[in-house]
Amino acid sequence: MSDLHIYNSLTRQKEKFEPITPNHVGMYVCGPTVSGESHLGHARPYITFDVVYRYLLHLGYKVRYVRNITDAGHFEEEGRVAEDKVAEKAKLEMLEPMELVHKYTNLFHWGMHLFNTLDPSIEPTATGHIIEQIAMIEDIIQKGFAYEVNGSVYFDVKKYADAYPYGKLSGRIMDDLLETTRDLEGQDEKRNKVDFALWKSAPPQHIMRWKSPWGEGFPGWHIECSAMASKYLGETFDIHGGGMDLQFPHHESEIAQSTIAHGHAPVRYWMHNNMITINGKKMGKSYNNVIKLTELFSGNHPILEQAYHPMVVRFYILQTHYRSTLDFSNEALQASEKALKRLWEAYEVLKSLTEEKCTQSFFNMLSGAINNEIAESYDENTILTDIHNQISKSNINLSSSSDTFKRIRMIVEQNKNLVEEKNRTLINLQCIINCLECKEFMDDDLNTAKVIANLFDLTPTINSIKGGQLNIEVICKETLLLIKDTFKTYLEDILGLQGLQAQQSDTLDKVLSLLIEMRKDARTRKDWATSDQIRIKLAEAGVLLKDGKDGSVSYTIE
RNA sequence: GGUCGGGUGGCCGAGUGGCUAGGCAGAGCUCUGCAAAAGCUUCCACAGCGGUUCGAAUCCGCUCUCGACCUCCA
């Protein structure tokens with residue numbers, strides 16, 4: 001169905017993506033712990049996997065995308081005292097735990113919508129699945145891989161590791177773990193330091209508590225994902241995503257639990273996004289360098305020089321491959337802001353171009369080219385003829401992996417000088433390459449950076465048509481349609497980007513049109529003082545006027 | 001300390017055994033009443049030292065250096 005290849009953290013290599021059930025994909029992504037406000041760090045995985053989700057949908061898969069809300073709060077696993085983060089925070093803020101969790105869940109959704117992420121198909125909460133978690137724990141106990149001590153239940157990692165490849169996902173070695181894990185007090189309950197809690201007994205003052213076969217308590221951090229993923233996606237599902245920092249111990253534990261409960265590994269493809277860093281350091285509470293989304297969008301943070309539009313942040317994230325670290329800086333964000341504006345304005349221009357003036361069809365142009373333009377001087381007649389024979393008369397629908405496409409690429413590479421000379425055939429071929437390659441790049445482990453680069457490659461062509469440097473007749477009808485389709489598909493549908501323009505109002509538009517007319521009059525009269533004053537005053541108000549070559553004037557609002 | 005991953009032009013960032021993305025900034029030019037916008041041109045980098053190779057920034061080794069995980073974290 002597709003040539004999509006994704007990097008599988010489990011095997012540490014790119015693999016061809018083949019869903020378990022043809023045409024259907026099950027994807028689970030670890031969601032946020034809603035014990036506090038979402039921050040810039042949260043933006044990365046949810047935007048990354050939003051693009052994965054959008055791309056799978058684009059490829060025609062029926063996708064069930066499950067992303068949980070952790071509202072039960074984890075305890076400090078290795079800590080001395082069982083602590084529930086939600087319960088602690090609720091006490092601090094004088095809120096009911098559920099009230100607190102609801103508040104931050106809403107804030108999370110608010111941020112995700114501003115980032116234009118699509119809602120997951122199911123967004124299950126940990127507190128809503130206590131029964132499933134208890135059932136899974138009981139199952140694991142029954143199978144002999146978990147044990148109860150004083151109302152808490154621990155997973156027997158050592159026993160598991162004897163039979164299964166524990167540590168495969170995160171590259172851990174059992175013996176190292178046994179030696180390295182910090183020696184903390186209060187661990188007497190565990191048989192081994194590497195064991196992790198499935199259920200934790202709640203001390204009397206603890207607010208969030210549920211009845212269980214082992215007394216009142218609350219679930220361990222890892223079990224919720226396993227329980228909910230298997231409930232909604234089945235015992236084995238296609239993709240599990242999350243941040244790299246979750247690889248160990250969270251995802252490793254998920255594998256262990258599910259493997260025992262179901263008798264086999266839960267996930268086919270593990271995908272992990274890299275971290276966002278600030279001045280080279282990971283953003284995290286422990287580093288005191290967290291920028292909350294509310295601060296990011298308002299600019300209200302010591303590190304921030306200005307407010308950043310959610311789309312700028314999204315674009316900034318997608319300009320980097322998801323497995324690379326991404327270092328935050330004002331300079332980089334500001335560069336992204338300008339870049340996105342330029343790209344989006346080109347897209348607006350593109351939408352305004354109509355193919356009526358593209359008199360020549362690609363098919364006919366190629367016919368002509370075979371006999372004169374380039375084939376004559378470069379002995380590529382056969383190749384062009386071959387392309388000619390393979391493309392349809394009304395549509396350019398080539399796979400980037402087809403031989404024909406490879407030949408197109410070859411011709412263009414061999415005739416780069418002619419592209420510069422504005423050779424009609426080569427300009428069209430170059431545009432087609434830029435468009436068709438986008439799929440190739442997405443298929444190669446979601447290389448959004450390259451997709452964006454190709455869209456930028458098309459930008460001068462689009463702007464040249466508007467600016468008059470390039471006659472639209474040079475571009476074939478099919479080429480223009482393909483470019484339009486590529487921008488719509490990749491920029492909007494797959495990358496999920498939007499323009500930065502403030503909401504337009506008719507009233508404002510009429511007012512500005514009036515001012516623009518007045519300025520035009522002034523210019524006709526060569527009354528430069530008036531025309532400049534209008535331009536300058538509008539600029540001060542955040543409205544930038546752009547004079548087109550044909551006398552038309554457009555504006556953008558800051 | 002253990003495990004893993006990086007070091008790319010002024011900045012951000014793709015990628016590749018030879019044809020060397022893209023963005024932002026800078027410079028020059030075209031257009032413009034002047035600007036802005038747009039277009040064109042330019043700026044040819046891959047931590048250091050060895051090695052493999054006809055050829056390495058890309059493969060191997062060592063050194064320096066940064067980071068991640070090993071503890072809640074996206």
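Reminder, nothing fancy here: chain letters follow the sequence lines and each chain counts from 1. Because only heavy atoms are used, hydrogens play no part in the values below, and waters and symmetry mates are left out as well, while side chains stay in.
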Looking for any heavy atom pair under 4.0 Å, which part of the strands does A:Lys466 touch: base, sugar-phosphate only, or nothing?
-> nothing
Identify whether any heavy atom of A:Gly243 sits under 4.0 Å from a base atom; if not, whether one sits that close to sugar-phosphate; answer base, sugar-phosphate or nothing.
-> sugar-phosphate
Output all residues satisfying side-chain hydrogen bond (donor to acceptor under 3.5 Å, both in side chains) with A:Ser513, sequence neighbours left out; order by chain, then residue number.
-> none
Start with the C-alpha gap between A:Phe315 and A:Trp344, add the side-chain angles, then the distance that decides, and say whether ring-ring contact (aromatic ring centres under 6.0 Å, His included) holds.
-> CA-CA 11 Å; A:Phe315 183 75; A:Trp344 202 267; 9.7 Å; no
With the criterion being N/O to N/O and under 3.5 Å, what pairs connect the protein with nucleotides 8-11 of chain B, and how long is each?
from, atom 1, to, atom 2, distance (Å)
B:C11, O2', A:Glu331, OE1, 3.2

Who passes salt bridge (Lys or Arg N to Asp or Glu O under 4.0 Å) against A:Lys520, sequence neighbours left out?
-> A:Glu517
Nucleotide N/O to protein N/O under 3.5 Å, stretch nucleotides 19-21 of chain B:
none

Among the candidates B:A14, B:A74, B:G67, find the nucleotide nearest to the side-chain atoms of A:Lys281.
-> B:G67
Take atom P in B:A47 and the same atom in B:G15, then report the distance between them in whole Å.
-> 15 Å
Sugar-phosphate atoms are those with a prime plus P, OP1 and OP2; base atoms are the rest. Using that split, label each nucleotide of nucleotides 29-36 of chain B B, S or - for protein heavy atoms under 4.0 Å, 5' to 3'.
-> --S-BBBB
Would you call A:Arg67 and A:Asp50 a salt bridge, taking side-chain N to carboxylate O under 4.0 Å as the test?
-> no
Any salt bridge between A:Asp445 and A:Arg323, counting N to O under 4.0 Å?
-> yes
Can a side chain N or O of A:Asn463 be found less than 4.0 Å away from OP1 or OP2 on B:G39?
-> yes
Both distances under 3.5 Å, Watson-Crick or G-U wobble: on that basis, could you give the dot-bracket string for RNA chain B, with [ ] for crossing pairs and | for other-strand partners?
-> (((((((..(((.....[...))).(((((.......)))))....(((((..]....))))))))))))....
